[in-house]
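Right, one structure below, let's go through it.
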Amino acid sequence: MKIALINASPRLQMKKHEHTVTSLLLEDVRRLIRKGSQHEFVEFHIKTAYPGEDMIRSILSCDVLVIGFPVYLSGLPAHMLSAMVAIEEASVWQAKEIMVYAIGHSALYEAAEVFPSLHMLEAWCERCSFNWGGGMAVGAGISHDQKNNVSDLALGRRRTYLRRLTGLTEAISDGVPILNAGCTTDASRNSFLRRYNRMVRKRAREMGVVPADIKEES
């Protein structure tokens, strides 16, 4: 089975050792799928409004699409919406069955902000005649970023995340649909926010921002 891992984050990875939260989540997907079965993986990074004919053709040649994306203001990134339109137009000539799964993440502690985007992707699948396989909403996405001071919240506190992700990857391997599910870090909300605000203050100082101009999350 040919599986496309589609990174729809607009953020660029300037160096090989740099990773976005989206790329880290997709790497977790790939790692867990590989544990139980052998598949061919193809990676794509959609970071512009039009991916190009070659990329669209390659995406549509896959049996399964796993789309990873960040959520901004409770919605999909603008460039991703445009790319979805381009893929939809090309899918008119697509005859093969394609199953689509998704994993979206939000900077907010709660995962609820991601669910509207999963519903949008499900509706898009219907327009493209794709099969919607289900999605996973990840709250406190920044806690998966190894470069942040809040990253230690993920160490030993990702049990819920890994349990949900295992369910998603098993469904991908078996080619069956599942219900949308959400999770966040196992750390308490207050603990996460303290670390998150500490990171924001540190970055602000590095950028020369006056402390009085910093609005903390609560």
Side-chain angles (χ1 to χ4, degrees), residues 5-13 17-33 45 47 66-78 80 101-122 134-172 178-207 209 211 214-218:
L5 299 177
I6 303 175
N7 182 342
S9 171
R11 289 184 57 190
L12 298 176
Q13 296 172 222
H17 66 275
E18 291 182 345
H19 300 281
T20 63
V21 173
T22 305
S23 66
L24 290 169
L25 297 182
L26 287 174
E27 184 57 35
D28 284 343
V29 170
R30 181 172 186 159
R31 177 174 52 83
L32 288 177
I33 290 178
H45 191 176
K47 49 185 179 290
V66 182
I67 304 174
F69 62 93
V71 167
Y72 300 131
L73 300 175
S74 301
L76 295 168
M80 181 178 172
Y101 299 89
I103 179 168
H105 61 90
S106 168
L108 299 182
Y109 181 79
E110 296 80 7
E113 188 186 28
V114 182
F115 281 96
S117 296
L118 294 179
H119 297 322
M120 291 177 67
L121 282 170
E122 183 176 2
M136 180 171 164
V138 180
I142 199 170
S143 65
H144 296 273
D145 191 339
Q146 299 168 353
K147 296 184 297 181
N148 288 301
N149 289 339
V150 295
S151 62
D152 59 334
L153 291 177
L155 300 178
R157 299 188 180 184
R158 300 205 306 169
R159 288 186 296 273
T160 303
Y161 162 76
L162 291 174
R163 186 168 62 249
R164 294 279 192 274
L165 189 64
T166 298
L168 176 66
T169 55
E170 288 178 350
I172 294 172
I178 59 170
L179 296 175
N180 296 338
C183 69
T184 187
T185 173
D186 290 339
S188 70
R189 190 176 193 278
N190 288 337
S191 178
F192 170 76
L193 289 176
R194 282 197 303 270
R195 296 298 183 92
Y196 179 81
N197 288 325
R198 187 184 305 166
M199 180 201 70
V200 170
R201 290 194 297 270
K202 179 180 178 181
R203 286 189 174 181
R205 286 195 300 270
E206 292 172 351
M207 297 171 62
V209 178
I214 302 174
K215 181 180 179 181
E216 297 188 350
E217 294 292 332
S218 60

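Because the structure is predicted, anything quoted here is derived from the model rather than measured.
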### Query
Does the side-chain contact (heavy atoms from CB on, under 4.5 Å) test come out yes or no for N180 and H119, once each step is laid out?
CA-CA 9 Å; N180 296 338; H119 297 322; 3.9 Å; yes

If I compare all heavy atoms of [X] with all of [Y], which pair ends up nearest, and what's the gap?
| X | Y | value |
| --- | --- | --- |
| G139 | A111 | N-CB, 3.6 Å |
| A112 | P116 | O-CD, 3.5 Å |
| A102 | L168 | O-CD2, 4.3 Å |
| C183 | T160 | CB-CG2, 3.8 Å |
| R164 | A181 | CD-CB, 3.8 Å |

So [Y] and [X], do their side chains get closer than 4.5 Å, heavy atoms only?
| X | Y | value |
| --- | --- | --- |
| S74 | S106 | no |
| P77 | S9 | no |
| V138 | V114 | no |
| I103 | L165 | yes |
| M80 | I67 | yes |

### Task
Run through I6, T169, N7, L26 and flag the one making a side chain to side chain contact (heavy atoms under 4.5 Å, CB included) with V66.
L26

What is the distance from atom [atom1] of [X] to atom [atom2] of [Y], rounded to the nearest 0.5 Å?
| X | Y | atom1 | atom2 | result |
| --- | --- | --- | --- | --- |
| S23 | L5 | OG | CG | 11.0 Å |
| L121 | L76 | CG | CG | 5.5 Å |
| M120 | F115 | CE | CZ | 15.5 Å |
| I33 | D28 | CD1 | CG | 11.0 Å |
| M136 | L118 | CE | CG | 10.5 Å |

#### Entry: Donor-acceptor pair, side chain of T184 and main chain of Y109, under 3.5 angstrom
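Checked: pair present.
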
### Message
So, using side chain to side chain donor-acceptor pair (under 3.5 Å) as the criterion, who are the partners of T22 when residues are at least two apart?
### Response
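Residues passing side chain to side chain donor-acceptor pair (under 3.5 Å) with T22: H105.
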
### Message
Which residues pass the ring-ring contact (aromatic ring centres under 6.0 Å, His included) test with Y101, not counting sequence neighbours?
### Response
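Partners of Y101 under the ring-ring contact (aromatic ring centres under 6.0 Å, His included) test: none.
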
### salt bridge (Lys or Arg N to Asp or Glu O under 4.0 Å) involving E27 - partner list, sequence neighbours excluded
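Salt bridge (Lys or Arg N to Asp or Glu O under 4.0 Å) check on E27 returns nothing, list empty.
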
